[in-house]
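Notes follow once the structure below has been shown.
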Amino acid sequence: MNRVFSFLLLSACLLISCHPRKGSVADQAYVKPDPANENFDIAPLVSPQESLNKMIVEDGFEVKLVASEPQVSTPVAMNFDNRGRMWVVEMDGYMTNIDGTEENDRNGKIVILEDRNMDGKVERRKVFLDSLVLPRAICLIENGILVAEPPRLWYIEINNDKPGKKVLIDEAYTEGGNVEAQANGLFRAMDNWIYSGGSEKRYRKAGDKWITERTHLRGQWGITQDDQGRLFYNNNSQNLLGDYFLPGLGAFNANMQRVRGFNERIISDNRVYPGRPTPGVNRGYKDNVLDANKKLASFTAACGPALYRSDLFGKSYYNNVFVAEPAANLIKRNVLKTNGFYTSGQQAYEGREFLVSMDERFRPVSLYNGPDGALYILDMYRGIIQHKSFLTDYLKGEIKKRNLEEFVNCGRIYKIVPKGASSRQTAIPSDPQKLVGLLSSPNGWMRDKAQQMLIDGKHTNTAAQLRAIVKDSAGSLASIHALWTLEGLGLLRAEEVLAMLDHSDWNIKAQALSTFPSVVNSNTYMQYLPVLQKMAKQADTLTAPYVAFQVRTIQAFDQAAASNILLGLADKYPSNQFVADAVISNLKGRESLFLDQAIALKHNTNLPVYKQVRKVIDDIKSNAANADANLLRKQFPRGANLFRTTCQPCHGADGNGVRSLAPPLNKSEWVTGDKTRLIAIILHGLTGPVTVNGKLYQAPEINGDMPGIGSNKDIVDEDIAQLSSFLRKSWSNDAEKISREEVMAIRKKFADRKTPFTASELGN
């Protein structure tokens with residue numbers, strides 16, 4: 001009885017705070033909205049059906065409501081389980097008001113939403129976990145769930161839909177207090193590792209232990225994969241970024257600032273086409289941010305991408321990537337194409353979008369493939385989506401003007417399907433033999449889930465079936481999943497891997513090479529070494545980077561043979577930057593030795609590959625001379641913390657900048673030069689283009705704006721003085737520190753400033 005009463009009380013509270021009291025049109029038929037009849041000077045809360053009626057979706061499709069308040073509140077992430085139920089992360093504490101004062105309240109939840117009669121709508125809500133502070137990601141695995149509650153990552157056993165034993169997996173899954181820049185996603189990829197957006201860590205469960213490894217830094221919010229298991233992501237101003245190679249490669253030499261083939265720009269066109277005016281974006285006051293009709297011109301909050309992998313939408317939509325833009329109330333469709341290992345793409349439409357909404361509170365933040373082949377949308381449904389760390393005075397005014405602080409604890413989940421299509425949820429069979437059959441499903445979500453369930457259930461009795469698929473269906477998507485299922489079960493043998501290495505399709509060879517860390521050991525390496533040596537000598541530019549990446553698996557057992565393969569690849573592909581970086585990824589701590597070996601063998605060390613090696617060696621020497629980070633943290637504790645929470649996500653822990661986001665702070669004349677200039681930028685921001693050390697940085701190569709933090713009430717002058725001093729003394733920088741009084745003087749001088757500076761305004 002108490003449980004029932006609690007749910008009714010919750011429902012009543014949500015209805016009072018979120019649901020409209022009058023004018024509900026819950027059952028009205030859809031009428032295509034006409035922007036000319038909309039009043040965009042107000043942003044009223046409307047019912048889910050009214051919000052649906054304010055959407056315009058691509059012809060031939062329809063949007064269906066799956067869940068809404070009080071069943072769900074502020075959804076930001078979800079997983080489907082094997083019963084088709086949605087496990088949803090609710091981030092109720094995020095920006096409930098303009099000052100973000102409830103950010104530390106324990107009101108976040110993990111809830112289970114169930115469509116009990118399989119009609120496409122949720123009937124039951126069950127709270128699995130509550131009292132969380134800004135939870136942001138989950139991942140179902142075996143008999144438990146990973147839950148990211150900053151800064152920690154937990155694994156919690158599931159006992160009859162109730163939380164059981166709780167194990168700390170990573171005490172620093174996220175870093176800093178900037179919610180927009182913390183790790184998220186927990187995406188369970190085809191290679192059986194779990195990857196995150198905004199993180200350099202990947203995770204894997206091995207028996208009762210958890211393994212954490214270094215990986216490439218990827219994106220900002222959201223992560224997805226294609227049929228080969230390559231990862232795609234974005235940052236807030238970039239439509240789509242991604243990897244040319246499979247995800248477990250090339251991240252093992254921390255001395256490299258970048259490995260080519262990862263974090264590549266997949267789609268350069270960042271334009272958006274909202275259906276309504278969107279003045280409520282953070283830098284809407286700037287030229288070219290809004291067009292003549294006050295509509296956002298380019299992405300400012302791109303997030304939650306989903307690469308569509310089902311046949312429900314039709315052949316032309318397969319392998320398309322959908323990207324959410326909550327600031328402009330829309331979802332974009334992109335079409336990908338591949339040429340060898342290169343992946344590129346373009347927007348599906350010119351001047352329009354796959355879905356737009358006239359409802360300013362429609363905030364799509366995460367997109368997902370579903371078990372039924374539909375595309376699912378998590379809609380936070382609220383007014384404020386910009387975190388307080390970078391909230392401009394302009395946007396605060398827009399929020400006040402249209403009462404966007406009002407009505408929190410709302411939330412909607414939708415799905416997009418072709419009109420008239422049957423897309424009912426179905427439970428996944430538990431029978432292992434049937435799960436093996438699902439590895440050939442036309443629905444990528446089903447293939448992924450079947451692989452995961454076979455591994456989670458430790459169904460080793462399916463080994464013969466899986467091996468038959470690898471052998472008899474080599475080259476098919478089912479064979480790739482069967483290969484990785486065997487890998488996940490610990491049953492992968494040399495005979496399967498070697499057979500796939502002999503396949504005519506380079507994609508299949510790449511999959512087999514990517515399994516090497518699991519199969520190469522002291523007992524087996526001699527089976528693989530001759531094959532690697534042979535492949536390294538072949539003229540195969542598509543497979544060569546994979547061969548180079550995986551030489552590291554041989555190094556521990558035969559260093560000389562590994563070095564010979566790498567030297568051979570360097571000479572065979574002297575100008576191939578992908579092969580060069582793959583070679584260098586094996587050389588952590590041995591870069592100089594490798595160069596010496598090349599010189600001894602009278603190789604032409606003026607070739608591009610060896611120039612890249614020298615660049616890494618120079619970086620190592622430069623880093624060795626860097627200032628003592630621990631000493632600086634003690635000297636400027638508040639500044640060091642502010643750097644970590646606010647600056648590091650874009651500029652990197654090493655101050656050398658993050659590709660596609662921001663230029664370097666290390667050795668930057670903007671940091672070590674005129675004090676007043678640095679203070680002014682930190683207070684009010686800088687809008688590009690900007691030249692650093694002779695190199696021009698501008699959009700779309702990087703985010704075109706660095707927001708200021710001077711309007712953040714939580715950051716005082718002493719904090720900014722310490723941050724400035726920390727930057728001026730860190731890495732290879734050695735400039736005079738900045739005092740609180742100097743910050744106060746610049747703040748006073750530009751007290752009326754509402755916009756970021758340009759480089760020319762600051763004398764550059």
Side-chain angles (χ1 to χ4, degrees), residues 55-63 187 190 218-219 221-246 261-275 296-299 301-325 328-356 364 366-370 373-377 415-419 421 423 442-445 447-448 477 507 660 700:
M55 297 180 191
I56 302 174
V57 69
E58 172 67 10
D59 289 345
F61 290 86
E62 60 183 328
V63 186
F187 184 83
M190 192 180 295
R218 294 179 170 96
W221 180 271
I223 191 166
T224 186
Q225 73 177 358
D226 66 6
D227 282 339
Q228 303 298 320
R230 291 173 295 204
L231 300 179
F232 296 85
Y233 36 91
N234 53 21
N235 60 48
N236 57 22
S237 60
Q238 299 280 352
N239 188 345
L240 192 67
L241 306 170
D243 301 342
Y244 294 160
F245 304 114
L246 295 179
F262 296 91
N263 198 24
E264 297 285 350
R265 188 177 299 111
I266 305 299
I267 299 175
S268 297
D269 188 349
N270 298 315
R271 295 173 297 171
V272 294
Y273 307 100
L296 186 67
S298 297
F299 277 114
C303 61
L307 194 148
Y308 185 73
R309 299 168 57 217
S310 179
D311 60 344
L312 183 66
F313 283 16
K315 186 176 180 180
S316 62
Y317 287 82
Y318 197 92
N319 216 37
N320 288 192
V321 179
F322 296 88
V323 175
E325 171 47 281
N329 324 111
L330 62 83
I331 295 171
K332 181 175 290 295
R333 175 188 168 206
N334 300 292
V335 180
L336 297 186
K337 60 180 179 180
T338 57
N339 180 17
F341 54 67
Y342 292 90
T343 303
S344 61
Q346 62 184 20
Q347 297 192 19
Y349 319 109
E350 176 78 26
R352 62 189 178 94
E353 300 290 359
F354 182 71
L355 183 151
V356 297
S366 295
L367 308 177
Y368 297 94
N369 287 277
L375 180 68
Y376 281 75
I377 306 167
K415 67 178 180 179
I416 301 176
V417 296
K419 284 184 178 178
S423 61
N443 183 337
W445 185 93
R447 296 195 301 273
D448 294 346
L477 294 178
N507 280 295
S660 300

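Both backbone and side-chain heavy atoms feed into the values below; hydrogens, waters and symmetry mates do not. All of these numbers come straight from a predicted model, not from anything done at the bench. Residues take their numbers from the sequence shown, with the count starting at 1.
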Taken to the nearest 0.5 Å, the spacing of Asn236 CG from Cys303 SG works out to 9.0 Å

To the closest 0.5 Å, what do you measure between CG (Asp227) and CE (Met190)? 6.0 Å

Taking atom types as modelled, find out whether Asn334 and Gln347 have a side-chain donor-acceptor pair closer than 3.5 angstrom. no

Do you know the tightest heavy-atom contact between Val323 and Ala302? CG1-CB, 4.1 Å

Distance-minimising heavy-atom pair for Phe187 and Ile223: CB-CG2, 3.2 Å

Working for side chain to side chain contact (heavy atoms under 4.5 Å, CB included), residues Ile266 and Phe232: CA-CA 9 Å; Ile266 305 299; Phe232 296 85; 4.1 Å; yes

Is any side-chain heavy atom of Asn507 less than 4.5 Å from a side-chain heavy atom of Gln228? yes

Give, for atom CG of Leu240 and atom CZ of Phe299, the distance between the pair rounded to the nearest 0.5 Å. 9.0 Å

Is the Phe61-Phe354 ring centre distance short of 6.0 angstrom? yes

Counting N and O atoms only, with roles assigned by atom type, does the side chain of Asp243 sit under 3.5 Å from a partner on the main chain of Asn263, one being a donor and the other an acceptor? yes

Distance-minimising heavy-atom pair for Gly373 and Asn443: N-ND2, 3.5 Å

Is the positively charged end of Arg333 above the ring of Tyr317, judged by distance under 6.0 angstrom from the centroid and angle within 45° of the axis? yes

For the pair Thr343 (side chain) and Thr338 (backbone), establish whether a donor and an acceptor sit closer than 3.5 Å, ignoring hydrogens and angles. no

Report yes or no: does Asp226 contribute a side-chain atom to a donor-acceptor pair with the main-chain N or O of Gly229 at less than 3.5 Å? yes

For the residue pair Phe262 and Arg218, establish whether any side-chain heavy-atom pair is separated by less than 4.5 Å. yes

Check ion pair Lys332-Glu353 (N to O, under 4.0 angstrom): yes

Close side-chain approach of Leu246 and Arg230, heavy atoms under 4.5 Å: yes

Any donor and acceptor pair, going by atom type alone, linking the side chain of Gln238 with main-chain N or O of Asn235 inside 3.5 Å? no

Distance-minimising heavy-atom pair for Ala348 and Val335: CB-CG2, 4.0 Å

Do Phe313 and Tyr318 make the cut of ring centroids closer than 6.0 angstrom? no

Rounded to the nearest 0.5 Å, how far does CG of Leu336 lie from CD1 of Ile267? 5.5 Å

Distance col, row Tyr244:OH vs Ser344:OG, nearest 0.5 angstrom, shows 7.5 Å

Has Asn339 got a side-chain atom pairing as donor or acceptor with Tyr342's backbone, closer than 3.5 angstrom? no

What are the two closest non-hydrogen atoms of Pro305 and Tyr233, and how far apart are they? CG-CA, 4.0 Å

Other residues, nucleotides, ligands: >12 heavy atoms within 6.0 Å of Gln346 CD: no

Any donor-acceptor N or O pair under 3.5 Å, side chains Asn369, Arg309: no

Here the gap from Asn239 atom CG to Glu325 atom CD, rounded to the nearest 0.5 Å, amounts to 10.0 Å

Ala374 backbone acceptor or donor facing Tyr308 side chain under 3.5 Å: no

